[in-house]
Amino acid sequence: MPELPEVETIKRGLEKNIIGKQIADFYCDWPKMINYSLKEYKAKIKGLKIQAINRRAKMLILNLSQSWNILIHLKMTGQLVYGSKTKCLVGGHPIKDGYDCLPNKFTHATFTFSDQSHLYFNDVRKFGWLRLFTDQGLEQELDSLNLGPEPLTNDFSFDYFKNKLKQKQNSKIKQFLMEPKNIVGIGNIYSDEVCFYAKVKPTRLVKNLKPKEIELLYKGIKKILQDSIKLQGTTFSNYRNAEGETGEFMKKLKVYGRAGEKCKICNAEIKKIKIGGRTASFCPKCQK
DNA sequence: GTACTTGTTGAACG
DNA sequence: TCGTTCAACAAGTA
């Protein structure tokens, strides 16, 4: 499940490899992933060049020539793989033997560039999508999502964070952190980790947070996301191709996915509970 | 067949 | 109208 750091990692990896490339062909075997018929989609993008790659929240934006853009969401299990004769990148990570078996049964979309290299979109559960928009259409689409600020830019200031919290006094802190209208890019993994960093239980109500805790939450969001990007994100076992190639941040996780294991700080057993249908993991001793 | 997975949305609640 | 909770959806795995 790529969250902000994973998507940022993919963006940086792709930037080095596909900027300037011309799209020679496109294929997609799952119509729900794209917002035009395959025939129309292909006709619109054929011959266009990739001019830039941007990220907004957990989405990637490929800026194409002639004012077209492809908005990509990987959802839980999506993966982008770039492959040429000499190299292969999976979600930002180079792998040695992955290209031989691509496309595979999880490959649902393929871009072929004029130099015969490829960009594959793999998705085990087919939740992800690649939608094509004009500049104007993209702007409208992004506006309609009412997204909050990017946590790693100055838009996400401490004042903004405090004010938003004031508006959501009765929210549980974990849910507040995961709400894209408040801050984008924080999913289940990083909300658990941020709560641990601030030593706050995920179920704590916003109105009961102490000023010191609010400060730690704010710092934690910035720090944990930045650290994760430095280590190229957290990768997962459901990325079949990258098996054995887990992102380095995986090793740094303090609570996420560690229920039943011992807390790295105090040795207490990490607990797992449900908050609004979602799993939350925390250390009952470290987090108050 | 069932429970579970996540990000996101929309319905329903007070 | 607003804040909040909950169910639903996408499709596959165990």
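Proteins come first, then strands; the chains are lettered A, B, ... in the order of their sequence lines, and each starts at number 1. Note that the structure is predicted; figures quoted are calculated from it, not measured.
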Review point. With sequence neighbours left out, what residues match A:K223 under side chain to side chain donor-acceptor pair (under 3.5 Å)?
Key: A:D227

Review point. Can you tell which of C:dT13, C:dA11, C:dA8 lies closest to the side chain of A:V124?
Key: C:dT13

Exercise for review: Choose from B:dG7, C:dT5, C:dT13 the nucleotide whose nearest atom is closest to any side-chain atom of A:M178.
Suggested key: B:dG7

Point to revise | Residue-phosphate contact under 4.0 Å: A:Y256 side-chain N/O, B:dT5 OP1/OP2 | key: no

Review point. Does A:N170 have a side-chain nitrogen or oxygen under 4.0 Å from the phosphate oxygens OP1 or OP2 of C:dG3?
Key: no

Review point. Between B:dT5 and A:T279, is there an OP1 or OP2 to side-chain N/O distance shorter than 4.0 Å?
Key: yes

Point to revise | N/O donor-acceptor pair, side chain A:R278 with base C:dT5, under 3.5 angstrom | key: no

Revision key, fill the gap. In whole angstroms, the gap separating P of B:dT9 from NZ of A:K75 amounts to 8 Å

**Study point:** Interatomic distance where CG belongs to A:N188 and C1' belongs to B:dT5 [whole Å]
**Key:** 10 Å

**Study point:** Gap between atoms CD and C1', on A:E6 and B:dG7 respectively (whole Å)
**Key:** 13 Å

Check your understanding: Between atom CG in A:L74 and atom C1' in C:dA11, what is the gap in whole Å?
Key -> 16 Å

Practice item. Return no unless some side-chain N or O of A:K172 is found under 4.0 Å from OP1 or OP2 of C:dT5. Key: yes

Practice item. Please state whether the phosphate of C:dG3, meaning OP1 or OP2, lies under 4.0 angstrom from any side-chain nitrogen or oxygen of A:Q167. Key: no

Practice item. Select one nucleotide: of B:dG7, C:dA11, B:dT5, the one nearest the side-chain heavy atoms of A:W30. Key: C:dA11

Practice item. May I ask you to decide if A:E150's main-chain N or O and A:D155's side chain share a donor-acceptor pair within less than 3.5 Å? Key: no

Review point. Just how far, in rounded Å, is P of C:dA11 from CG of A:N122?
Key: 17 Å

Review point. With under 30° as parallel and over 60° as perpendicular, where do the rings of A:F156 and A:F161 fit, or are they tilted in between?
Key: perpendicular

Review point. CD1 of A:I183 versus P of B:dT8: gap in Å, rounded?
Key: 13 Å

Exercise for review: Tell me, yes or no, whether the heavy-atom count around A:K44 atom NZ, taken from other residues, nucleotides or ligands under 6.0 Å, exceeds 12.
Suggested key: yes

Study note, to complete from the structure: Ranking A:S171 and A:K32 by the position along DNA chain C of their nearest nucleotide, the one closer to 5' is A:S171

Check your understanding: At under 4.0 Å between heavy atoms, what does A:K274 touch on the DNA or RNA strands: base, sugar-phosphate, or nothing?
Key -> sugar-phosphate

**Study point:** A:D123 (side chain) donor-acceptor with A:G128 (main chain) under 3.5 angstrom
**Key:** yes

Review point. C:dC2 C1' sits how many Å from A:N146 CG, rounded?
Key: 15 Å

Practice item. Among C:dT13, B:dT6, B:dT8, find the nucleotide with the atom closest to the side chain of A:F106. Key: C:dT13

Exercise for review: Return the nearest nucleotide to the side chain of A:K58; candidates are B:dT8, C:dT5, C:dA11.
Suggested key: B:dT8

Review point. Donor-acceptor pair, A:K264 side chain versus A:L253 backbone, under 3.5 Å?
Key: yes

Point to revise | B:dT5 base / A:R125 side chain donor-acceptor hit below 3.5 Å | key: yes

Check your understanding: Looking at B:dG7, C:dA11, B:dT9, which one has an atom nearest to any side-chain atom of A:K126?
Key -> C:dA11

Practice item. Could you please name the option among B:dT6, C:dT5, B:dG7 that lies closest to any side-chain atom of A:H73? Key: B:dG7

Point to revise | Atom-pair distance (CG on A:N163; C1' on C:dG3), nearest Å | key: 17 Å

